[in-house]
Chemist: 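The structure under discussion is supplied below as structure tokens; questions concerning it will follow.
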Amino acid sequence: MATLAPTVAPQKGGGQADKGDEPAGGTSRVLGVFKATPFTYATLIIVSAVLSVPLVFAVSIALSTDHTVTTNAFTILPHEFEWRNFTKVFDGNLPMGRFLVNSLIIALGSVIGQMVSSGLVGYAFARLRAPGKNVMFLVVIATMMIPTQITMIPQFILFKDLGWVNTYLPLIVPNFFSNAFNVFLVRQFVSRLPSELDEAAMVDGLGFFGIYRRIMLPILWPVLIAIGIFTLTYNWGDFMGPLIYLNDESKMPLALGVQYITTTAVAGQPPPWNLVMVGSILLTLPMIAVYYLGQRYLYEMDISGGSAGVK
């Protein structure tokens with residue numbers, strides 16, 4: 001069983017610890033490092049193996065031949081390795097390469113919008129003084145309780161009147177107005193930073209925007225990159241938004257393109273599930289890579305302490 005080992009706090013000056021620094025109960029102690037045992041590793045291996053089964057099964061189907069798909073003889077571990085499926089999916093009637101480019105346009109545009117707007121709005125709620133600021137922040141947080149389905153029809157009517165239907169604008173522009181969760185992340189991060197940073201910058205003649213650009217923005221990079229990862233993950237695999245607002249096949253992202261592969265089946269024949277799984281893997285691998293490369297920023301975000309940027 002994993003244990004938390006208490007360790008003795010370091011003594012001042014390398015000598016005897018001051019009596020005034022010790023707690024009333026005796027020796028000063030701090031929480032030690034988590035020590036993993038063989039049972040811990042065995043548990044992690046078993047859980048990881050169970051959670052990996054869907055991914056392994058998807059890879060197995062992606063490497064299956066057309067005959068296996070037709071006979072529905074799928075197995076968890078593949079009996080054949082049809083690597084041509086990863087190129088065959090781009091040779092079909094659907095422009096899979098264009099679907100990938102469309103997904104990048106939508107996802108990266110959304111990431112830029114969320115990072116820019118969330119940083120500014122969160123910083124304003126944390127530092128600027130204005131009447132009713134706390135009430136406004138509560139209203140913003142309260143919007144998190146509104147189901148997306150309630151605003152779906154009003155938003156569609158609005159974007160239709162603006163002439164934005166069948167364009168990328170309804171999928172990208174709303175991200176430049178941030179959302180409540182990201183604003184909350186930035187506000188909590190900034191509110192725990194020492195206000196002396198702002199006061200020193202004001203003495204040097206910087207305004208609020210100058211303080212944000214020169215002082216706060218470099219400190220906020222961990223939380224902003226974390227917001228970018230969250231936004232990229234959501235918009236890369238978003239299916240409902242493009243399904244509602246995009247009509248032209250040439251503008252559809254990969255999430256819709258994978259669904260369209262099922263429409264290429266001949267009447268009376270099962271869909272080409274091997275190609276569908278290839279598309280699903282193409283949809284999944286970038287997110288795994290993004291998390292792998294950006295996971296340290298998620299850890300550095302340190303919302304509870306808010307000090308990751310000044311370590």
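Counting from 1, the numbers follow the sequence of the chain as shown.
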Chemist: Can you sort out the partners of Tyr41 under side chain to side chain contact (heavy atoms under 4.5 Å, CB included), two or more places apart, ordered by chain and number?
Modeler: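 Once residues adjacent in sequence are excluded, the partners of Tyr41 under the side chain to side chain contact (heavy atoms under 4.5 Å, CB included) criterion are Ala36.
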Chemist: Is the shortest heavy-atom distance from the side chain of Val290 to the side chain of Thr233 under 4.5 Å?
Modeler: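 When only atoms from C-beta onward are counted, Thr233 and Val290 do not touch, as no gap falls below 4.5 Å.
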Chemist: Quick check on Met202: does its CE atom have over 12 non-hydrogen neighbours (other residues, nucleotides or ligands) under 6.0 Å away?
Modeler: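 Counting neighbours around CE of Met202, more than 12 heavy atoms of other residues, nucleotides or ligands fall under 6.0 Å, so yes.
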Chemist: Compare every heavy atom of Phe57 with every heavy atom of Thr75, then report the nearest pair and how far apart it is.
Modeler: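 For Thr75 and Phe57, the tightest heavy-atom pair comes out as O-CE1, 3.4 Å.
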Chemist: Side chains of Lys88 and Glu82: does their closest heavy-atom pair fall under 4.5 Å?
Modeler: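 The answer is no, as the side chains (C-beta and beyond) never meet within the 4.5 Å cut-off.
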Chemist: Looking only at non-hydrogen atoms, find the nearest pair between Val258 and Val276 and report the distance.
Modeler: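 Scanning both residues, the minimum pair turns out to be CG1-O, 3.8 Å.
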Chemist: Show every salt bridge (charged side-chain N to carboxylate O under 4.0 Å, His left out) that has at least one partner inside residues 223-241, sequence neighbours left out.
Modeler: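 Salt bridge (charged side-chain N to carboxylate O under 4.0 Å, His left out) check on residues 223-241 returns no pairs.
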Chemist: Do Leu171 and Pro242 have side chains that approach each other closer than 4.5 Å (heavy atoms only, starting at C-beta)?
Modeler: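 They are in side-chain contact.
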Chemist: Going by side-chain hydrogen bond (donor to acceptor under 3.5 Å, both in side chains), name the pairs with one or both residues in residues 154-171, residues two or more places apart or in two chains.
Modeler: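 Only Asn102-Tyr168, Asn166-Asp248 qualify under side-chain hydrogen bond (donor to acceptor under 3.5 Å, both in side chains).
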Chemist: Other residues, nucleotides and ligands only: do more than 12 of their heavy atoms fall within 6.0 Å of CZ on Phe239?
Modeler: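 Yes, the 6.0 Å shell around CZ holds more than 12 heavy atoms from other groups.
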Chemist: For Ile153, does the CD1 atom have more than 12 heavy-atom neighbours from other residues, nucleotides or ligands under 6.0 Å away?
Modeler: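 Result for CD1/Ile153: open.
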Chemist: Using a 6.0 Å cut-off, check whether atom CE of Met136 has over 12 heavy atoms from anything other than its own residue.
Modeler: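 12 or below, so no.
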Chemist: Tell me who clusters with Leu138, hydrophobic residues only, linked when side chains sit under 4.5 Å apart either directly or through other members.
Modeler: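 None, because no other hydrophobic side chain comes under 4.5 Å of this residue.
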Chemist: Mark yes or no for whether Ser60, through its side chain, and Val56, through its backbone, hold a donor-acceptor pair below 3.5 Å.
Modeler: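 Such a contact is absent between Ser60 side chain and Val56 backbone.
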Chemist: Could you name each residue pair satisfying side-chain hydrogen bond (donor to acceptor under 3.5 Å, both in side chains) that touches residues 270-283, not counting sequence neighbours?
Modeler: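 Checked against side-chain hydrogen bond (donor to acceptor under 3.5 Å, both in side chains) - neighbours excluded - the pairs reaching residues 270-283 are Asp66-Asn274.
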Chemist: Determine the minimum heavy-atom distance between Ser64 and Asn85, stating which atoms define it.
Modeler: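 Closest pair (atom of Ser64, atom of Asn85, distance): O-ND2, 2.9 Å.
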Chemist: Under a 4.5 Å cut-off applied to non-hydrogen side-chain atoms, are Phe90 and Leu282 in contact?
Modeler: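 Answer yes - side chains close enough.
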Chemist: Restricting to non-hydrogen atoms, name the atom on Met252 and the atom on Phe99 that form the minimum distance, rounded to 0.1 Å.
Modeler: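 Heavy-atom minimum between the residues: O-CD2, 3.0 Å.
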Chemist: Apply side chain to side chain contact (heavy atoms under 4.5 Å, CB included) to Ile281 and list each qualifying residue two or more places apart in sequence or on a separate chain.
Modeler: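 Side chain to side chain contact (heavy atoms under 4.5 Å, CB included) list for Ile281, sorted by chain: Val59, Ala62, Phe86, Leu285.
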Chemist: Considering residues at least two apart in sequence or located in another chain, which fulfil the ring pair (Phe, Tyr, Trp, His ring centres under 6.0 Å) criterion with Trp236?
Modeler: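 Ring pair (Phe, Tyr, Trp, His ring centres under 6.0 Å) check on Trp236 returns nothing, list empty.
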Chemist: Which atom pair, heavy atoms only, marks the closest approach of Val69 to Pro272?
Modeler: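 Scanning both residues completely, I find the closest heavy atoms to be CG1-CA, 4.4 Å.
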Chemist: Taking the side chain as everything from C-beta on, heavy atoms only, tell me whether Val111 gets closer than 4.5 Å to Ile227.
Modeler: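 Not touching, per the 4.5 Å side-chain cut-off.
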Chemist: Looking at every non-hydrogen atom in both residues, tell me the closest pair between Val89 and Ile261 and how far apart they are.
Modeler: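 Heavy atoms of Val89 and Ile261 come nearest at CG2-CD1, 4.0 Å.
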Chemist: Using the test side chain to side chain contact (heavy atoms under 4.5 Å, CB included), find all partners of Arg213 that sit at least two apart in sequence or belong to another chain.
Modeler: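 Result, side chain to side chain contact (heavy atoms under 4.5 Å, CB included) vs Arg213: Phe209.
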Chemist: Please identify each residue that fulfils salt bridge (Lys or Arg N to Asp or Glu O under 4.0 Å) with Arg98, with sequence neighbours left out.
Modeler: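 Checked Arg98 against salt bridge (Lys or Arg N to Asp or Glu O under 4.0 Å); zero matches.
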Chemist: When you check the side-chain N and O atoms of Thr43 and Thr40, is any donor under 3.5 Å from an acceptor?
Modeler: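 No, Thr40 and Thr43 have no side-chain donor paired with an acceptor closer than 3.5 Å.
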Chemist: Residues two or more places apart in sequence or in another chain: which of them pass side chain to side chain contact (heavy atoms under 4.5 Å, CB included) with Ser195?
Modeler: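 Side chain to side chain contact (heavy atoms under 4.5 Å, CB included) check on Ser195 returns Glu199.
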Chemist: Using a 3.5 Å cut-off and no angle test, enumerate the donor-acceptor pairs between side-chain atoms of residues 115-131 and protein atoms at least two apart in sequence or in another chain.
Modeler:
from, atom 1, to, atom 2, distance (Å)
Ser117, OG, Gly113, O, 2.7
Ser117, OG, Asn175, O, 3.2
Ser117, OG, Ser178, N, 3.1
Ser118, OG, Gln114, O, 2.7
Ser118, OG, Gln114, OE1, 3.3
Ser118, OG, Ser178, OG, 2.8
Arg127, NE, Asp198, OD1, 3.0
Arg127, NE, Asp198, OD2, 3.2
Arg127, NH1, Val190, O, 3.2
Arg127, NH2, Val190, O, 3.4
Arg127, NH2, Leu193, O, 3.0
Arg127, NH2, Asp198, OD1, 3.4

Chemist: Check whether any side-chain heavy atom of Leu185 sits under 4.5 Å from a side-chain heavy atom of Phe189, and report yes or no.
Modeler: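 The answer is no, as the side chains (C-beta and beyond) never meet within the 4.5 Å cut-off.
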Chemist: Residues sharing Tyr292's hydrophobic cluster, by side-chain heavy-atom contacts under 4.5 Å among ILVMFWY, directly or via others?
Modeler: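 ILVMFWY cluster around Tyr292 also holds Leu293.
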Chemist: Would you indicate whether the side-chain heavy atoms of Ile172 and Ile112 approach each other to under 4.5 Å?
Modeler: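 A side-chain contact under 4.5 Å is absent here.
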Chemist: In the structure I gave you, are the side-chain heavy atoms of Ile244 and Phe156 within less than 4.5 Å of one another anywhere?
Modeler: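 Touching, per the 4.5 Å side-chain cut-off.
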